[in-house]
Amino acid sequence: MSLAALPLLRLGRSRQAWLALSGCSGLALASALFQRRHAAVHGADRALDLYASIAVPLLVYALVAAALGHDGLARSGRSLVRLGARPARAAWTTVLVAMLASGLVCGVLGAATAACAHGSGDPPVVRDALETLAFGALAGAAYASYFLVGAALVASFWGRALLLLVDWMLGSTDGIGALLTPRAHLRNLLGGDAPLDTTPWQSLVMLALLAVIFATWSARRAARARL
Amino acid sequence: MIEVADLLLRSSSRPRVEVGPVSFSLAPGASYALVGTAADGVDLLLEALAGEVAPRRGSVKIAEGPPGPGRALAYVAHVPCLPEVFRVDAYLRLASRLRGEPPALPEDRLAVLGVAPLARRRIGGLSQEEARAVALVEALTSQASVLLLAEPLVDLDPRAVGRVAAALQARVEAGATAVVSTASLEDASALGHDLLYFDRGKLARRTSDKEAWAPPMGPRGARLFIRSEGARFLLAELAGNPTFDQVHGEGADLVVTGKDPVAMAAAVAAATRQANVELDLLRFEQPERDA
């Protein structure tokens with residue numbers, strides 16, 4: 001718990017994180033309210049398209065940056081490691097805090113967006129909101145671990161920024177490269193195009209696998225890094 | 001006990017600095033000053049002792065094991081690394097917990113350097129001088145058996161300078177090993193029992209004869225550290241010159257002190273011409289503090 005205080009306080013006190021949260025939430029909810037006002041038949045689908053393609057990646061990008069104190073994954077816990085905290089434990093704590101915070105925020109925002117934008121052609125509102133809550137939470141956690149790979153590779157913001165760009169370029173396609181990005185699987189889960197004709201269930205499993213693999217790889221790399 | 005054996009280091013960032021191969025051992029219950037600039041590699045060596053730089057060759061052992069932070073080791077780098085979101089008192093409490101030490105009142109620990117009013121401040125809002133003082137407080141009041149401090153008297157309130165020296169001395173008397181890196185002979189002689197001089201990554205001299213190699217220069221005086229292949233000819237020229245209070249030489253090294261820096265520089269230049277020698281190193285020091 002002592003180690004979790006550092007990324008938690010960073011998240012709570014980061015102005016950029018709060019700005020990103022209000023901006024991305026405002027965008028997703030404004031889109032949802034627009035669909036509702038125009039009584040769109042598939043309002044939730046349209047609003048969630050914006051949520052998945054813009055709000056989730058940008059929001060998680062900002063949350064991860066805040067949890068790391070805008071530094072690399074290994075260096076973000078250096079002040080505690082110098083006091084005797086084990087590097088692996090410090091890295092895992094930061095990874096888990098970033099994933100949990102991102103999952104929570106993206107899940108709640110997804111559920112709120114689905115509920116606000118609900119149209120007559122969408123699935124029942126409660127079921128739709130709960131499914132979006134789960135998919136959004138999983139996608140948020142997967143995105144966080146994905147960006148943490150960049151932060152474990154390069155200490156500056158370029159590591160995370162490069163992976164954001166890769167997600168945008170590869171994840172927007174339906175080729176084989178899209179299978180490695182959270183974007184393609186979240187889109188598939190929310191009713192969009194599937195990468196390589198995968199089923200939503202397969203995307204759900206892939207998203208969970210990506211979250212675990214990316215988190216493990218980045219934490220292990222950060223634990224071995226010299227400060 | 002710190003054992004450094006055949007150690008070879010190379011910095012990963014520019015400007016490239018190389019250290020070694022170098023071997024030495026440092027006994028517990030004593031303080032050591034690594035004297036030199038960053039270009040001489042003393043900061044890189046201190047990082048290696050802290051376990052933050054991987055040796056390209058050789059080894060560093062602290063108490064028979066590899067270096068690592070925690071209960072055994074406290075390291076304060078040039079730019080202290082502190083968690084910016086914590087309050088100072090919360091940070092000191094967390095530090096005690098992570099080091100496995102019994103908790104102590106943060107205000108009492110901060111009072112060691114006279115900075116108790118910082119206890120309730122956020123670390124992110126501290127000035128660089130205040131942050132250094134907090135980092136030094138944490139190290140000096142911890143129970144770590146090895147203290148590694150980079151330039152511990154730089155960027156401090158002048159009133160804190162004497163307190164750092166006293167606190168360090170108390171830790172050493174209690175059995176700790178203290179290693180400081182500094183470019184100042186004044187600071188080195190104030191803090192170290194043994195002085196290890198580094199020149200471009202090589203251990204040039206190890207001495208405990210501080211009076212000879214870091215003689216006091218007085219509040220308005222100056223000190224020159226000279227290295228030359230023709231040092232003995234220079235010594236002959238400089239000895240007896242009334243410009244200098246002290247002239248001391250050994251091998252290729254000379255150290256001279258005097259009261260008038262301009263006259264000293266002129267006398268050294270004249271002696272260099274007279275002796276027809278080239279200087280490999282000329283380091284000039286003047287006191288910065290009147291503490």
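Within every chain, numbering begins at 1; the chains are lettered A, B, ... in the order of the sequence lines, protein sequences first and strands thereafter. The structure presented is a predicted model; accordingly, all values stated were derived computationally and were not measured.
- Counting heavy-atom neighbours within 6.0 Å of B:Arg16 CZ, excluding the residue itself, gives a total above 12.
- In this structure, B:Arg121 places its CZ atom where more than 12 heavy-atom neighbours from other residues, nucleotides or ligands lie under 6.0 Å away.
- With a threshold of 4.5 angstrom between heavy atoms, A:Arg13 approaches chain B through side-chain atoms but not through N, CA, C or O.
- The heavy-atom pair separating A:Arg10 from B:Glu84 by the smallest distance is NE-OE2, 2.9 Å.
- Summarising the geometry, atom CD belonging to B:Glu101 is positioned 9.5 Å from atom CG belonging to A:Leu83; distances are rounded to the nearest 0.5 Å.
- Contact annotation for B:Glu47: neither backbone nor side-chain heavy atoms come within less than 4.5 Å of a heavy atom of chain A.
- Interatomic distance, CG of B:Leu94 versus CG of A:Leu3, reported as 7.5 Å (0.5 Å rounding).
- Only the side chain of B:Arg122 comes within contact range of chain A, with heavy atoms under 4.5 Å apart.
- More than 12 non-hydrogen atoms from other residues, nucleotides or ligands lie less than 6.0 angstrom from CH2 of A:Trp168.
- Residues B:Leu82 and A:Ser79 approach most closely at C-CB, 3.8 Å, considering heavy atoms.
- Residue A:Phe34 qualifies as open at atom CZ: its count of foreign heavy atoms under 6.0 Å is 12 or below.
- Proximity of B:Val85 to A:Leu8: side-chain heavy atoms (C-beta onward) are nowhere separated by under 4.5 Å.
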